[in-house]
Amino acid sequence: MSTPFIKRYPFSDFEPRWQEHWLCTNAFHAKNPGESGFDPSAKKRYILDMFPYPSGNGLHVGHLVGYTATDILSRYYRLRGENVLHPMGWDAFGLPAEQYAIKTGQHPRVTTEKNISRFRKQLQLLGFSYDWEREINTTDPAYFRWTQWIFLQLYHAWYNPSTQRIEHISTYTGENPNSLRLAYVANTPVNWCPELGTVLANEEVVDGKSEVGGFPVERRPMRQWMFRITALADRLLSDLEELNWPESIKQLQRNWIGRSEGAEVMFSLQNQPDKKITVYTTRPDTLYGATYLVLAPEHPLLEELNLSPSVQKALEKYRSDSQTKSDLERTDLAKKKTGIPLELACINPINGEVIPIWVADYVLMSYGTGAIMAVPAHDERDNEFARAFHLPIRSVIQTPQGVSLPFHGTHGELINSPLINGLEPPEAKINITQWLEGNGHGRRSIQYKLRDWLFSRQRYWGEPFPIVWEKGEHRALNENELPLEPPEMEDFRPTGTAEPPLAKAKDWVRYSDQATRELNTMPQWAGSCWYYLRYCDPKNQEAFVGQEVQEYWREVDLYVGGTEHAVLHLLYARFWHKALFDLGHVTTAEPFERLVNQGMILGPDGQKMSKSRGNVISPDDVIAQYGADALRMFEMFMGPLEHSKPWSMTGVEGIYRFLARVWRLIMLETPEGTLQLTSNITEEPMTASQRRIVHATIKKVTSDLENLSFNTAISQMMICVNAFLNANPCPLEAVHILLRLLSPFAPHLAEELWVHLAATFPSVKALGALASESSWPTWNEEYLLFEEVTYVVQVNGKLRTRLTLAATTSEEDVEKAALADPSMQAHLLNQAIKKVIVVPGRLVNIVIL
RNA sequence: GCCGAUGUGGCGAAAUGGCAGACGCAAGGGACUUAAAAUCCCUUUCUGCGAAAGCGGAGUGUGGGUUCGAGUCCCACCAUCGGUACCA
């Protein structure tokens, strides 16, 4: 049995009241240019949360860390007079809704609506200051109309290598525009997940399993829509430099893009000099160490070679074996190398050496040229393979003593390499590359790990492609045919084959006598690739965002969300944004100027919160017991925003006690049970020491907010409140400054106490009718100064005594006072003083031998 | 393996190269109360000497280094977490 709970202040009376007030008055509506009341002199600030996927489980306290942080900042910047855009919406297309719908027989639209209402209500219970007039929902036809429109812009675009920009396809004068579109159809091996009945992007496959659900994924060739994201690989990489993002996220994106510099080298076949194999290597300096060559099993050249019948047979078996291997199996078997010899040879251009050609699945068709030169002395994988199949290993770099092969370092003299003997690898790399280019045997080459983005899914609950097929050719719908809504369907289960569920909607599929609709839908990422733009102008029916509005709000100034989107959403959105930028639709090259990742909130047991562990904390319960302000503040008080930290109910209680102290500082309950201001509060000026602590608090809270150090800002406010708890009289100025500092953190309490104060004191009312309509206080450095300072006196860095001196004491006099201090004499007796260091206002260090 | 982050009391944490542990939780003691709740006050890194006030010593994952002075800077290592993995 829980003990009866006594409310220390009446939060359950006023919190809902203020939430209602803010909602009814649209208190936090951000004005667009052209809107009445728009103030062109106010600085704009765009503060964005990663919008949630409205799942059936509702929010838990972990979701609220980031939302609370951005809300506090939004309220803070509003008090500073800025025009703050702080919106919220719903990323509502996606697999879970569809799977739930299949299980329960309800249409996903129904469950999605229900979940959204629940989420909205939960967020409103926290008193978040969203501009609800800008709420968006990716499943709303008025929204996805523009998702489809942007798709069409990308479909009608290509990457022009000569301008290095994305341009309208009409600037391409070649013969086959379809082969160059930014959105294109490809028949390539894709990640097919039978359990989910859909294909997945590379980014959605983790360890050979689907990121959602953890089901096995297999490679199979399918005709799919792709985005040519690789065209922007270099810009996606280099533009990271300027962004104010966590270094770790930048690094994750760099690794994912995976740029490497090397060379392509052409090897001629021994008996067919006209046939050449091009390999990619990052180590052209080891060219003399190549002892064999390997082709990927899918390499197209294999079709053209004259192989002996027995080899041909072995090859076919090997190819079909490796093709049916799932990615998971390939990973599991990574240590054991397999392959077959082709019984053909090619010629190393640098020395004319004849080396054998093999086929092995440790070489991937999807990277580089799908062929490698194997240098077993200086590459781990080649070394393993060479030892497994007894191929020669030749070292070409002087290996340091005690280091065994394979040696892949880049320090050491080249050996066994006539043209470059004695050089260091970096220099040799340049020399060889120049030699290859000069003799027509290869060239410098840059490769990326990043691959094109697989953009279609075999789902019902997603945006249909604005594409129709006619005589085997795809073509775009007209803009005036948008939005293209999914058909109403009773049965949208996966077909059990690779055919998408939309195929079952026969009427919908038929576009005309000649044409049928594209059956795939877009992945969940589509809607989130541009939602931050729609918030700027959510009701615009003429454009995805109005030009003037876009030029005003520009990029997101601060974006807060979880690390899980490091390479998915954040890379995709950057790609769309750059495309829109090149095409002239947006004014910045990057969408998110500053990014912050909030840490995870763990369960009270220190484990990740999950239903199965039974350690999920629901905000609803916390609010019922302690109120929204206490929940908000505790989320911030727990520790640095970016850190993971375990939940603690007693910790909430501590914050709750603090808020109750603030309440009692101002309000008193009479024996009859009515509320009134405490009589302590008067318009008496603050004493010097009160003024010092109040102004120190303004300074600390302000700088902490700028640095997103919410936890220490709260500590400072606690120190300040503790200092005034027994003050009588309690100066009004201290109280209204404190309330304004507190108002972004605990907005309900601040609002409530403010109106009580304002009712009695006109000077408070003059600052604003509500705390949220007042202004952020400023501090005066002069008030922070002390008349006396305490010096720490050290001997050889060890604390020996303290000394209180007037703040104006000169360094010389400080030194004298320290040496003369009676308690120092024992330490200094018979000691030669080597040096005395005085740090003004802080310490004296006496150095003796 | 590679890349990145983090290691400070019983716990969450704080500390422009300058008093380590602010602020809070938990624990213990006290005041108020018939009693409890609520509230308020005190103690709480480890350790040596002391009845006590007090006086010392050690201490920020480990080992080195730079410095008058290092949680903070440098080098090496260990542990935990996250990402990634045949990318030539």
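Numbered from 1 within each chain, the chains take letters A, B, ... in sequence-line order. Below, each value reflects all heavy atoms present in this structure, side chains not excepted, and no hydrogens, waters or symmetry copies. The shown structure was predicted, so the numbers you read here are calculated from the model rather than taken from an experiment.
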**Report entry** Cation-pi geometry met for A:Arg632 and A:Phe745 (6.0 Å, 45°)
**Finding:** no
Query raised in the report: Is a salt bridge present between A:Glu653 and A:Arg8, judged by a nitrogen-to-oxygen distance below 4.0 Å?
Result: yes
Query raised in the report: If you check the A:Arg800 side chain, which of B:A88, B:G57, B:C3 turns out closest?
Result: B:G57
Query - Residue pair A:His378, A:Ile397: steps toward the side-chain contact (heavy atoms from CB on, under 4.5 Å) verdict - result: CA-CA 8 Å; A:His378 305 292; A:Ile397 299 170; 3.7 Å; yes
Query raised in the report: Between atom CD in A:Glu815 and atom P in B:C68, what is the gap in whole Å?
Result: 16 Å
Query raised in the report: Would you say A:Arg254 reaches B:G4's phosphate, i.e. side-chain N/O to OP1/OP2 under 4.0 Å?
Result: no
Query raised in the report: How far, in whole Å, is B:G12 from B:G17 if one measures between their P atoms?
Result: 25 Å
**Report entry** Pair listing, side-chain hydrogen bond (donor to acceptor under 3.5 Å, both in side chains) test, anchored in residues 708-720 of chain A, at least two apart
**Finding:** A:Thr697-A:Gln716, A:Asp704-A:Thr712
Report summary line: Rounded to whole Å, CZ of A:Arg664 lies from P of B:A38 at a distance of 12 Å
Report task. Mind jotting down which residue pairs meet the salt bridge (charged side-chain N to carboxylate O under 4.0 Å, His left out) criterion with at least one end in residues 281-292 of chain A? Sequence neighbours excluded, please. Result -> A:Arg283-A:Asp285
Requested in this report: Specify the separation, in whole Å, of atom CE of A:Met600 and atom P of B:G82.
Outcome: 7 Å
**Report entry** Rounded distance in Å between the P positions of B:U44 and B:U33
**Finding:** 28 Å
Report task. Grab the two heavy atoms, one from A:Leu302 and one from A:Ala296, that are nearest each other, plus how far apart they are. Result -> CD1-O, 3.7 Å
Requested in this report: For nucleotides B:A51 and B:C32, find the distance between their P atoms and express it as a whole number of Å.
Outcome: 32 Å
Report task. Pick the P atom in B:G56 and in B:G29, then give their distance to the nearest Å. Result -> 32 Å
Query raised in the report: Tell me, which pairs form a side-chain hydrogen bond (donor to acceptor under 3.5 Å, both in side chains) where one or both residues lie in residues 256-265 of chain A, sequence neighbours left out?
Result: A:Glu203-A:Trp256, A:Arg259-A:Glu261, A:Ser260-A:Tyr280, A:Ser260-A:Tyr367, A:Glu261-A:Arg444, A:Glu264-A:Arg443, A:Glu264-A:Ser445
Query raised in the report: Whole-Å distance between B:C86 P and A:Leu295 CG?
Result: 19 Å
Report task. Sugar-phosphate means primed atoms, P, OP1 and OP2; the rest is base. With that split, encode nucleotides 16-24 of chain B 5' to 3' as B, S or - using protein heavy atoms under 4.0 Å. Result -> B-BB--BBS
Requested in this report: Scan A:Arg451 against the nucleic acid and name what it touches under 4.0 Å (heavy atoms): base, sugar-phosphate only, or nothing.
Outcome: base
Report task. Determine if the base of B:G9 is syn or anti; take syn to mean the glycosidic torsion is within 90° of 0. Result -> syn
Requested in this report: Return the nearest nucleotide to the side chain of A:Pro640; candidates are B:C3, B:A88, B:A13.
Outcome: B:A13
**Report entry** Spacing of A:His643 atom NE2 relative to B:C11 atom P, expressed in whole Å
**Finding:** 17 Å
Query - A:Lys645/A:Glu635 ion pair, N-O < 4.0 Å - result: no
Report task. Using the C1' atom on both, measure B:A13 against B:U66 and round to a whole Å. Result -> 29 Å
Query - A:Leu602 CG to B:C11 C1', straight-line distance once rounded to whole Å - result: 14 Å
Query raised in the report: Below 6.0 angstrom between ring centroids: does that apply to A:Phe11 and A:Trp663?
Result: no
Query raised in the report: Between the base of B:C68 and the side chain of A:Lys834, is there a donor-acceptor distance below 3.5 Å?
Result: no
Query - A:Lys835 side-chain N/O to B:C68 phosphate OP1/OP2 under 4.0 Å - result: yes
Query raised in the report: Which residue, A:Asn796 or A:Met638, contacts RNA chain B at a nucleotide closer to its 5' end, judged by nearest heavy atom?
Result: A:Met638
**Report entry** Structure string for RNA chain B in dot-bracket form, Watson-Crick and G-U at under 3.5 Å, | interchain
**Finding:** (((((((..(((.....[....))).(((((.......))))).(((((....)))))..(((((..]....))))))))))))....
Query raised in the report: Base, sugar-phosphate, or nothing for A:Pro246, non-hydrogen atoms under 4.0 angstrom?
Result: nothing
Report task. Could you check how far OH of A:Tyr656 sits from C1' of B:A38, rounded to whole Å? Result -> 10 Å
Requested in this report: Flag the pair A:Tyr656 / A:Tyr9 as yes when their ring centroid distance falls below 6.0 Å, and as no otherwise.
Outcome: yes
Report summary line: Between A:Lys700 and A:Ser260, the residue closer to the 5' end of RNA chain B by nearest nucleotide is A:Lys700
Query raised in the report: When you compare B:A26 with B:G18, how far apart are their P atoms, in angstrom units rounded to a whole number?
Result: 33 Å
Query raised in the report: For A:Tyr362, what residues pass the ring pair (Phe, Tyr, Trp, His ring centres under 6.0 Å) criterion, not counting sequence neighbours?
Result: A:Phe385
Query raised in the report: Rounded to whole angstroms, how far apart are CD on A:Glu642 and P on B:A13?
Result: 12 Å
**Report entry** B:C78 and B:G69, which share atom name P, separated by this distance in whole Å
**Finding:** 29 Å
Query raised in the report: Using atom C1' of each nucleotide, how far apart are B:U8 and B:A79 to the nearest Å?
Result: 15 Å
